[in-house]
Each structure stands twice: as C-alpha cells, then as structure tokens.
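Taking it in order: structure first as structure tokens, then the write-up.
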Amino acid sequence: MKLTLVAICFLLSINSHAQEQKKTKNIFIITTDGFRWEEVFKGADSSLICNNRFVQDIALTKQMFWDSSDDLRRKKLMPFFWNVLSKKGQIYGNRLLENKVNVKNFYKISYPGYNEIFTGRTDINPVLNSPVLNKNTSILEYLNSRADFTGKVVAFSSWDIMPFILNEPRSGFSVNSGYEMLDYQSEEGSMIDSVQKNIKSKGRTRHDQLTYLSAKEYISQYHPKALFLGLGETDECAHSGQYDLYLQRAAAVDKMIADLWYFIQTDPFYKDNTTLIITTDHGRGKKGAAWRTHGFWVKGSGEVWLAMIGPDILPLGEMTNNQQIWQKQIASTAALLVGEHFAPGYRVAAPFNVPGPAKLQTNYLTKSK
C-alpha cells in the first residue's frame, strides 16, 4: 500500500512539474513584410544608405541609422530587438553565423510565404498575391476550433489580401485588413475609424500605425488568446526604392513591438504567459537595385529570420549555432508553445527544436490523414 501511494505521489509530482514547465497560454504572431535579415542583424546597408538613388537625405539618414559596426547599427535601427529581445528571447537567421531560416516555396513572394507561416505547408500551386481563398487550414483557424481558444482568435493586417490567405469566411474568426473599419463601441475605436475614413488615397496596404492601433485597441478590450499582427510598409517602401523610408518603417515596427510587449507585461491577463513569434514572409535581393524586389528569380528572396520572446523561451539571444529552420515549421511550433498539436488533416512541418523546457522538445508526429 505504501509503495502504491509513493508511486501515485511521484506520478502526480511529475505531472505537476510538466504543467509548470509550459507557461505560454497566449500566442501572438507578428510579421513585417519583406524585411531583410541583413538589416535585422547588420543594421543599415552601407551600399544603400549612401546611394542618393534610394535615399533623399543621406546625411540625416546616416545620423539616424549609421554607426561604425554591425552591432551598433542594428541597435540604432531596432533598439527593442537588440536591447531587450536579445536578452530575454531568441533571434534566428544570422547567416554570417550559419544560422539560417528559409522559405520552402518556389515563388518567394507574399501569399506563398504567409501560407507557409500559418498552414505549415508548402503549396506547389501558384497563388500570386491574388484574392483567392486558401484551401489550407491555418494555425489560427485550428486554434479557434479548440476549446481554450474558441472565439478568442483574431487577425489584423495592413495588407488587404490577408482575409483570403486566412480564409476568413471558413475560419470563424475576424480578419481586419486594409482600411476596414473597426466599429468598436469605444472612443479610441471611433477615432481610428475617423482617421481611416479621411485618408484620401487608400492603397492595398493600410498604414502600419493604424493597423497596430486597431489591434491594440482590440487587445485591450477583448483580450484574445491568439492574434496575428501583419505589418506591410517595409515591403511597400522597398518596392518603391525608398531605402530611407524602409529603414524608418522598420524602426517604427520595432517601436510598435516594444509598446506591445510593455502592454503585455503590464496587463494581468497576459503578463508572463504570452509568447511573441516575430518574422517575415520573404527576403529580398542582396546587392544594388535588387534589394527593391524579390521572387524566385532574385537571389536572397528565400532568406528570412525569426525572433521569439515569452515565458517558455530561454533567454539565449542571437542564435549562433549552425542550424537550418524552415518557415513552414512556425505553425506547429506556435501550436506546441500553447500545448496543442497542429493536426489540420494533412501532413505539416514539425516544430523546430526550441531551446527551453523539455516539454517543448518532445517528438512531434506529423502524419495526419
């Protein structure tokens, strides 16, 4: 009898310890469209910041973003990444250290990239950034079908194609994109809607600041457990050949993420139980004017990066080991972080090995039927 009681107590203690190991209850996925790993890890590019073809005021832009070393330049451009996240989280994709994150799809443009991020699957059928409903199931749709997340999933995107990528009509959660109104019953929501209505020239990509403020207002009111925040102006500025604005928008993204993390860590609902996964949908060209574009024909377009911060993410900072991560592993990794197994009915990429509690490194079976 005594041995039986000891065994039961031992098993209960193991189960209790396992529960303590995984602290993430909420997951936020954040992307900044088409932002190169080169700027993340090296800061402003000397061949571009001094080129008056891409920078209107070279002297001022250098004052804002230039310094003598890669380390100082990247801190100038993205202070939250390199003063906070690098101390409390993990950053992947510095190819100078053979730490690589890549897209798997052939096309190396946005729709296929976001499809990989959210569905864990590389789709061979070309969907070239057009408003076509995605047949694949996203991790957000899957979480929305789980008891702990039903009705607590939302997406905000600057790009107006995102409702099709996430298949909003089928998914069961809201995808606010482009200049879509909020219609919130709050003073802040009404103000955001008023600003959006009065913008005369509305393209396919909303100003990121409006997207972020819309998302933050929703978060503060409704406290979703799974959220996607998709920012797009880095890609827009790059395509227009404005390297100075590209850097400014990247710096603004860093500030938004810093503001969001501060909000998370000062809100009792989210504090110390929320993980952020931050990445991009594709890379860009490496040299000269090629930085403006991307695609299967442009070298560097498949090279991306990834950052994470949260209670189950060991504070290892910049990852320096020789490693290969694929963009399509993000979906199942996000699921694993919140204690779920992403099984949408087709084979998905396994999570990458997140250095952290043993519970996050368990074998993951992906042979779903």
Side-chain angles (χ1 to χ4, degrees), residues 31-56 58 61 65 73-74 77-78 93-96 100-117 122-132 157-162 164-165 177-178 201 203-208 211 230-253 278-306 326-328:
T31 60
T32 178
D33 200 297
F35 187 51
R36 301 193 307 176
W37 72 268
E38 286 91 340
E39 278 78 21
V40 173
F41 292 99
K42 298 189 290 182
D45 187 324
S46 61
S47 68
L48 298 174
I49 200 171
C50 296
N51 189 330
N52 57 18
R53 180 182 174 188
F54 305 125
V55 177
Q56 289 192 60
I58 292 174
T61 303
F65 300 115
R73 286 196 303 277
R74 68 190 189 181
L77 181 64
M78 306 181 77
N94 189 345
R95 307 181 85 83
L96 300 175
K100 298 177 285 293
V101 187
N102 282 76
V103 306
K104 197 73 172 178
N105 71 81
F106 169 76
Y107 308 100
K108 300 175 178 60
I109 59 175
S110 290
Y111 195 126
Y114 288 117
N115 175 67
E116 284 197 19
I117 290 170
T122 301
D123 208 326
I124 61 172
N125 298 316
V127 181
L128 304 179
N129 295 350
S130 55
V132 176
S157 170
S158 295
W159 192 33
D160 65 2
I161 299 296
M162 198 56 66
F164 297 91
I165 298 173
S177 69
S201 179
R204 293 178 61 182
T205 301
R206 173 169 54 189
H207 293 301
D208 284 341
T211 301
L231 305 171
E233 288 188 294
T234 42
D235 190 65
E236 294 289 318
C237 293
H239 280 302
S240 64
Q242 298 172 292
Y243 191 68
D244 44 1
L245 296 186
Y246 170 82
L247 294 176
Q248 289 175 35
R249 297 301 181 265
V253 168
I278 310 161
T279 188
T280 189
D281 54 328
H282 56 73
R284 319 194 70 81
K286 291 177 171 292
K287 295 181 179 180
W291 79 277
R292 296 178 55 177
T293 190
H294 57 91
F296 66 87
W297 64 95
V298 181
K299 186 177 181 181
S301 298
E303 300 173 0
V304 293
W305 52 271
L306 170 74
W326 298 100
Q327 184 182 61
K328 64 180 182 177

Sole candidate of Y246, W291, F41 that passes ring-ring contact (aromatic ring centres under 6.0 Å, His included) when paired with F35: Y246
Side-chain ion pair, K104 and E116, N-O less than 4.0 Å: no
Atom pair CZ/CD1 of F106 and I124 - distance to nearest 0.5 Å: 12.0 Å
Minimum-distance pair of heavy atoms, taken over all atoms of Y107 and N125: OH-C, 3.9 Å
Derivation and outcome, side chain to side chain contact (heavy atoms under 4.5 Å, CB included), residues W37 and K100: CA-CA 10 Å; W37 72 268; K100 298 177 285 293; over 6 Å; no
Exercise: identify the closest heavy-atom pair between G113 and N105: N-ND2, 3.8 Å
Rounded distance (nearest 0.5 Å) linking atom CG of L306 with atom OG1 of T31: 12.0 Å
Test item: D235 and H282 side chains (from C-beta on) under 4.5 Å apart, heavy atoms: yes
K286 vs E303, salt bridge (charged side-chain N to carboxylate O under 4.0 Å, His left out): CA-CA, chis, key distance, verdict: CA-CA 10 Å; K286 291 177 171 292; E303 300 173 0; 2.7 Å; yes
Heavy-atom closest contact (S158 atom, D208 atom, distance): OG-OD1, 2.6 Å
Steps toward side chain to side chain contact (heavy atoms under 4.5 Å, CB included) verdict (T279, Q327): CA-CA 9 Å; T279 188; Q327 184 182 61; 5.5 Å; no
Note, L231 side chain near S157 side chain (heavy atom, < 4.5 Å): no
Donor-acceptor pair, side chain of R74 and main chain of K42, under 3.5 angstrom: no
Residue pair D33 / T280: nearest heavy atoms and the distance that separates them: C-OG1, 3.7 Å
Exercise: identify the closest heavy-atom pair between V298 and T293: CG2-CG2, 3.7 Å
Residue pair N129 / Y111, side-chain heavy-atom distance below 4.5 Å: yes
Taking every non-hydrogen atom, the tightest pair across H294 and R284: CD2-NH2, 3.7 Å
Rounded distance [0.5 Å steps], CD in Q248 versus CG in L77: 10.5 Å
Interatomic spacing from OG1 in T234 to CZ in R36 - rounded to 0.5 Å: 12.0 Å
Under 3.5 Å donor-acceptor, D281 side chain and I109 backbone: no
From L128 atom CG to S110 atom OG, the distance as rounded to the nearest 0.5 Å: 11.0 Å
Full working for side chain to side chain contact (heavy atoms under 4.5 Å, CB included) between D45 and Y243: CA-CA 9 Å; D45 187 324; Y243 191 68; 3.2 Å; yes
Side chains of I278 and W305 in contact at under 4.5 Å (non-hydrogen atoms): yes
Beyond-backbone contact of V55 with L48, side-chain heavy atoms, under 4.5 angstrom: no
Residues T32, R249; criterion side chain to side chain contact (heavy atoms under 4.5 Å, CB included); working and verdict: CA-CA 9 Å; T32 178; R249 297 301 181 265; over 6 Å; no
Nearest-0.5 Å distance, OG of residue S301 to CG of residue N102: 11.0 Å
side-chain contact (heavy atoms from CB on, under 4.5 Å) partners for R204, two or more places apart: W159, D160, I161
